[in-house]
Amino acid sequence: MAPRPAEGSGPGRRPIAQRQRRGSESPAARHREGRCRAASGGGSRRRPPAAGSRLRRRPIATAAAAAAARQGFRPAGSRGAAHPGGPRRRHGDGFQNGGTIGILQKIFGSITTADGSALVKLGNTTVVCGVKAELAAPAVDSANKGYIVPNVELPSLCSTKFRSGPPGEEAQAASQFIADVIENSQIIAKEDLCIANGKLAWVLYCDIICLDYDGNILDASAFALLAALKNVQLPSVTINEETGLSEVNLKQKNPLVIRKHPVATSFAIFDDTLLIVDPTAEEEDLASGTVTVVTDEEGRLCSVHKPGGSPLTGDKLQDCITRAITRHKEVKKLIDKVIKSIKPK
Amino acid sequence: MAGEKEKVVAAAGGCCLRPFSCEQGLLSRPDGSAAFLQGDTSVLAGLYGPAEVKGSKELPDRAVLEVLLRPKVGLPGVIERSREQLLRQTCEAVVLGVLHPRTAITLVLQVLSDAGSLLSCCINAACMGLLDAGLPLSSLFCGVTCALDPNGAIILDPTTRQEQEARAILTFAIDSPERKVLMTTTKGSCSVEEGPCFPP
């Protein structure tokens with residue numbers, strides 16, 4: 001069976017045959033450059049990628065509702081005791097509880113044309129992540145590794161802050177943050193993506209698109225990515241020894257091996273003392289800084305991301321890390337609950 | 001005496017910085033400029049401002065800070081944009097922009113050579129550039145990179161080789177009056193017990 005042709009040749013993404021001809025460039029570099037080349041200071045030599053076009057091709061809005069109705073994913077406890085969409089509980093010590101379990105919803109498999117997808121709602125912030133797997137030749141210096149290429153898009157749909165056109169600084173910084181989370185936490189070992197050493201490997205394009213921006217985009221993107229990767233089913237590929245061509249068996253699918261489960265927790269800083277977990281857009285605008293801590297299930301720190309903003313003492317930073325570890329446990333419980341509730345296809 | 005000094009240096013081990021130097025005012029066109037060298041890593045910063053700003057970007061109550069980071073080779077990519085965001089928000093926390101509303105301050109950083117600890121060198125060059133431009137600052141800040149090697153020892157100001165061998169690299173920007181943390185970014189994972197390497 002011939003390999004499945006690359007679906008969607010949107011800007012920055014060309015069909016496989018063309019990609020393999022330019023063998024010297026890695027898919028990761030090209031995917032990113034297609035997104036941000038026009039945004040760099042190099043002038044507009046090529047038409048900037050239309051950020052909205054990828055969104056229109058996928059019937060996201062209907063699929064999410066249809067998938068949810070079809071498969072009844074909403075976990076029983078998700079609407080639980082906490083206030084759905086209402087104000088979050090406040091604690092007296094300056095920390096505000098993010099109300100994780102009541103307001104965080106995950107919907108698996110919302111994009112039927114993708115190899116794996118998830119829709120995450122964190123309060124009003126809605127982020128969908130679709131993972132598409134394609135085949136490519138591995139890089140010469142790491143012949144046994146595949147690629148994972150994340151891309152975060154903040155289209156003009158999600159908020160008035162963003163104009164259509166090349167990705168702005170926030171989208172690119174978020175893309176880099178997600179790439180760092182994947183790299184630091186080793187969520188998937190790239191060696192697992194290799195099919196034949198030096199000849200064929202999987203490329204996972206993870207497109208994270210924000211549909212509704214109400215702050216805390218980094219947390220939501222990280223959840224969506226984790227959930228989508230857990231949802232991915234890769235067809236098995238074998239290389240025919242006689243012809244040297246790859247044969248893709250769509251009937252036999254295997255899930256990805258997810259080694260670690262990194263969870264991001266963001267805090268907004270007010271006046272150097274008050275810290276609020278999971279800030280909304282309004283809180284972020286008023287805050288004097290943000291901190292994002294990424295932890296995995298062993299309590300290891302994958303990332304402490306504090307991009308400037310008002311200064312924090314070391315003790316406060318330690319406090320944030322401890323709270324992030326506690327929150328990780330709650331989110332992990334939710335992920336496990338949702339996965340158990342998926343009906344096997 | 002010399003023997004004792006040598007013993008102290010050996011005991012400190014990785015907790016010493018490479019020889020660093022700074023030169024200010026070396027460019028004639030920008031309002032402020034500085035070159036910062038840490039070992040073999042060097043970054044040149046040029047600052048323009050407070051200057052006129054285009055209508056849409058103008059903020060009514062304070063100055064707009066823009067950072068451009070140019071790598072040594074190639075066009076700026078996503079990594080440079082992410083670092084520009086880190087530097088911009090670090091400088092915004094320190095520059096008293098409210099004294100210059102409806103203006104723009106542009107900071108351009110050019111990487112001259114990269115031999116490890118590049119981000120902290122950029123932070124230091126930015127601070128020295130801001131000083132040279134005479135902009136009002138609420139505090140000074142410095143950048144430092146630490147690497148955790150596979151044994152768990154902390155190496156400050158790592159070289160490229162030490163960075164590649166390390167399992168985690170943490171970069172901090174620390175402000176001067178109370179030694180609080182302005183900016184952190186980490187690469188690689190470390191356990192929380194190694195967290196006490198955060199400055200107290």
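In this text the structure is predicted, and so the values were computed from the model without any measurement. Only heavy atoms go into these numbers, but all of them, side chains included; no hydrogens, no water, no symmetry mates. Lettering follows sequence order; numbering is per chain, from 1.
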Would you say A/Asp271 has more than 12 foreign heavy atoms packed within less than 6.0 Å of its CG?
no
Looking at A/Pro311 and B/Lys180, what are the two nearest heavy atoms and their distance?
CB-CB, 3.5 Å
What is the minimum heavy-atom distance between A/Asn184 and B/Gly188, and which atoms define it?
OD1-N, 2.6 Å
Does any heavy atom of chain B fall under 4.5 Å from the side chain of A/Ser310, the backbone, both, or neither of them?
backbone
Determine whether B/Val78 and A/Gln176 make a side-chain contact, defined as any pair of heavy atoms from C-beta on separated by less than 4.5 Å.
yes
Does A/Lys161, at its NZ atom, have more than 12 non-hydrogen atoms belonging to other residues, nucleotides or ligands within less than 6.0 Å?
yes
OG of B/Ser82 to CD of A/Gln172: how many Å apart, nearest 0.5 Å?
9.5 Å
Test your reading of the model: is there a side-chain donor-acceptor pair from B/Ser189 to the backbone of A/Leu301, 3.5 Å cut-off?
no
Can you confirm whether A/Lys260 is buried at NZ, in the sense that more than 12 heavy atoms of other residues, nucleotides or ligands lie under 6.0 Å from that atom?
yes
Got a sec: does the CG of B/Asp40 have more than 12 other heavy atoms crowding it under 6.0 Å?
no
Contact origin within B/Gln85 toward chain A - heavy atom pairs under 4.5 Å
both
Quick check: are there more than 12 heavy atoms from other residues, nucleotides or ligands sitting under 6.0 Å from CZ of B/Arg62?
no
Within the supplied structure, the quantity of interest is the number of heavy atoms (other residues, nucleotides, ligands) at a distance under 6.0 Å from A/Phe270 CZ; does it exceed 12?
yes
Of the options B/Thr90, B/Leu86, B/Leu87, which is the one that meets A/Pro307 in a side chain to side chain contact (heavy atoms under 4.5 Å, CB included)?
B/Leu86
Within-4.5 Å side-chain heavy-atom neighbours: B/Arg179 and A/Thr313:
no
Portion of B/Arg83 that has a non-hydrogen atom of chain A nearer than 4.5 angstrom:
neither
Give me the atom names and distance for the closest heavy-atom approach of A/Ser303 to B/Thr186.
CA-OG1, 2.9 Å
Any heavy-atom pair between the side chains of B/Thr184 and A/Leu317 that's under 4.5 Å?
yes
List the steps, then state whether salt bridge (Lys or Arg N to Asp or Glu O under 4.0 Å) holds for B/Lys187 with A/Glu183.
CA-CA 8 Å; B/Lys187 193 171 162 198; A/Glu183 179 74 39; over 6 Å; no
Nearest non-hydrogen partners of B/Arg81 and A/Glu169, listed with the distance:
NH2-N, 3.7 Å
Backbone N/O of B/Leu182 and side chain of A/Lys306: donor-acceptor pair under 3.5 Å
yes
